[in-house]
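Since the structure is predicted, the reported quantities are computational estimates derived from the model, not experimental observations. Labels below follow one simple rule: chain letters A, B, ... track the order of the sequence lines, proteins then strands, and each chain is numbered from 1.
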Amino acid sequence: MINFMLNGLDVAVEKGTTLLEAARFYGIEIPTLCHNEGLSPYGACRLCLVEIGEPGKSRLVTSCTYPAQEGLQVRTHSERVVKTRKVIIELYLATCPSSKTIQDLASRYHVTRVRFRRKHDDCILCGLCIRYCNEQMQGKAIGFVNRGVERRITTPFNRKFEECRLCGGCIYICPACQARCQGPQEGSGVCNACLNLSPPCLDHFGDAMCYMDPCVACEQGRKG
Amino acid sequence: MVALQTCLQSLPELLNLQQELKRKQEQRKNYLAVCGDTGCTAWGSKHIKDVFQQCLEQKGLNHTTGLKFTGCLGLCESGPVVIVFPQGIFYQKVRESDIEEIVEKTLLQGEIIDRLLYQDPVSGEKIIYAGEIPFYRKQERVLLADNWSIDPSSIEDYLALDGYGALGRVLHSMSSAQVIKEIKDSRLRGRGGAGFPAGLKWQECNEMVSAQKYIICNADEGDPGAFMDRSLLEGNPHSVLEGLIIGGFAVGAAEGIIYIRAEYPTAVQKIRLAIGQAEALGLLGENILGSSFNFRIGVSVGAGAFVCGETSALVASVQGRVGEPRQKPPHLAERGYNNRPTVINNVETLANVPHIINRGAETYRLTGTKKSGGTKIFSLVGKVNNTGLVEVPLGMPLREIIFAIGGGIKGGKAFKAVQTGGPSGGCLPASMLDLPTDFDELSAAGSMMGSGGMIVMDEETCMVDLARYFLKFLNDESCGRCFTCREGLSRMLEMVEAITKGQSSMVEFELLKELAAVVKDSTMCGLGQTAANPVLSTIRYFEEEYRAHIEEGRCPAGVCRDLISFNINAELCNGCGACRRKCPAEAIEGESKTPHLIRTELCTKCGICLETCRYHAVNKL
Ligand SMILES: Cc1cc2nc3c(=O)[nH]c(=O)nc-3n(C[C@H](O)[C@H](O)[C@H](O)COP(=O)(O)O)c2cc1C
Ligand code: FES
């Protein structure tokens, strides 16, 4: 067993446990976007940051990848963590405001304003769909292309790819493709946004991918 | 040359060969060193060398006079450079027509040819001997010292200078623990950027239990304007190989890899040649020098992405995957190449190793500071009089490097700032000029040592524009994997661009600072963690310049195009029309001999009119 300090508590976990797993085991909530228990850790969304080390010499690390170490001091909600996390959520809101997951995160962590210029980049490149396809379906039907701000997710050579078994797991696992509830509209009193949903992956893949009917991203199906 | 056909089986055989080659070289005290590195090659030095060769042959001198096509001799801007030994007479800008005269007069009679001498740009004085040129005199050249006497394609030259002697000593009288202790005692710190103690890194890897370990030489050198690693690889490749082999021995690796960027074809070719030579002599392979140590070196050519210099991205690239960093831990000492313990060292770090073994840690660390021993090569560029590679003891104050060696600012202008550490380093103002160039001191000042880039700026540089430039580079080079680097940098760039256009506000300026701190604190790899440095350091030292852009819509240095305008002073303009003819935007109008006018709506603010006008009638506002 590995003994370490979690928010001032002495805790013990099995060797190989990540800080995120340890914190969740002890009932401490840490937000994540690119993490899924069934998939390998990726460390890209940066939401799961925690502070480790003695005050003064501490640093921020991603808890989803960092293994628990003997005697480590971990703070999951220090001022530095909370401040950084809020700016990151704000940046997510500015980048992908239509994701319900992200909007929920904002409420949960009291992010009440967006000071950055609003964009609508639906995909946040968390890579969950790629890892799902690769690790759970052994499909490798999608992957990243390009670098930096040009980075995208697509099928090989942007073409329909027979390795894709139309399982729809990619859309299911996506934190950005989900139903976008906009609340009751004036006049009608219903939202109905789901009825008009076109998942962002459709923009990228064009004819390359399947398109479930009904689309699993929205129970209603995109054709209504 | 007969001796070189054989494979060296023991240390005495190596020592004998060294002696034999040394004697041979001594018989040839007269030799010409023609610089064969990139700068001089561009000036045509290959042809110069060939003509020298013909000339020596015609005169029957080729048996008594050597001719070496060397690595970089520094002072690239005065190429092609030729140094005549044994005296060390330094000739610059040598033309084909000068060659006969150099051989006849200087080589045979020791006469100096005045017109080919180097003239000091500061004092105007003509200087005869290479060692007396102020640019060299104030340096302490250890790693670069042998560039003058080594032909990089010849292992004989390296052996004649006791090359591979350190390897022989290590293999025959030292254990890996002793080598590691020696490196630790020398206080050698990594020259690739992070400044991690080299001995400690080796020890960590040495202590790992694994059937296979690797050592990789990082020759990716992606910093724009930096070329110290390249000049070592192209000028003295065997010194890097020797360091790498010793490193392999110390960490317990049987295989080394040199990861080199494809943009350095000459370096790739020279290092491949050097590996072949070392293999032929039995300095690489099985049972090196009769010991039980086996070691091979392979070359891996990268496709040139800045981020591939980062260690985990480098490993991915060597393995043929996308050059993208991964989250650490596990560190490379635990899981690196082929998931085995791996050490990655920079070229310059490794080139230091033979010197430490030869001179002993005690002597080695006399140079440098308390916490970091040895010398460091800087690539001194920008608005200084002497640009080029500068090797100085660690800890030398910036002022000395820029003014004593660099000869001060070009055109007698005022010094404004120096960017150390490459694109992700920081900008330091005049008040910091007495800062010693040391890893910790530079970091504390908000900059860093990086790999040794040093860009000097004068009063005509806008610090906001500079921050924008480096930020753009880093934004382009970000791999895009982690959110705060990809999105954070592109947002920061957007905000800094808005400032240079006068479209920002103090509220947004505060937000920029907040975001920069978050990016620095929360990204995955060294690229993002240091990417905010140019912005944060310019804000720290030049905040008033940012304020002038934001609050007054004014660019004090007159650089940001959206914030400047040009007009013509009607009293000084005599209507000569020179500016009108030169203006690429056809934005200037006026009758001949009457004052001209700039139509601001057409003006692209290129500044050509200002440069053209001989009557100082054009103003920049
Ligand atoms: C974005 C980035 C680029 C880097 N580029 C280089 C490089 O071109 N050459 C180099 O030696 N180190 C580079 N480094 C530093 C290496 O990651 C590593 O620290 C170094 O090679 C280790 O060797 P050393 O301990 O001998 O310095 C880079 C680091 C980062 C984060
Ligand atoms: S969950 Fe750890 S970085 Fe995304």
Among Thr95(A), Leu49(A), Ile88(A), Thr65(A), the residue with the most heavy-atom pairs under 4.5 Å to chain B is Thr95(A)

_Whether the side chain of Ser537(B) engages the backbone of Gly446(B) through a donor-acceptor N/O pair (distance < 3.5 Å, no angle test) should be reported._
no

Scored by heavy-atom pairs under 4.5 Å with chain A, the best of Glu487(B), Arg491(B), Glu508(B) is Arg491(B)

Of Glu150(A), Lys119(A), Arg59(A), Glu90(A), the largest count of non-hydrogen pairs under 4.5 angstrom with chain B goes to Lys119(A)

- Query: Are Glu163(A) and Lys140(A) close enough for a salt bridge, meaning some N to O gap below 4.0 Å?
  - Reply: no

Assert top hit (heavy-atom pairs under 4.5 Å, partner chain A, pool Thr523(B), Asn475(B), Asp476(B), Val322(B)) equals Thr523(B)

Whatever's closer than 4.5 Å to a heavy atom in chain A on Ala305(B) counts as both

Validation row, ring centre Phe473(B) to ring centre Phe306(B) under 6.0 Å
yes

**Report entry** Neighbour count >12 (heavy atoms, 6.0 Å) for atom NZ, Lys328(B)
**Finding:** yes

The interface call for Phe144(A) against chain B, heavy-atom contacts under 4.5 Å, is neither

Whatever's closer than 4.5 Å to a heavy atom in chain B on Val149(A) counts as both

Cut-off 4.5 Å, heavy atoms of chain B, and the answer for Arg80(A) is side chain

>> Assess whether a salt bridge exists between Asp521(B) and Lys83(A), defined as any Lys/Arg side-chain N lying under 4.0 Å from an Asp/Glu carboxylate O.
In response: no

One should read off an interatomic distance between Arg486(B) CZ and Arg151(A) CZ, to the nearest 0.5 angstrom, of 7.0 Å

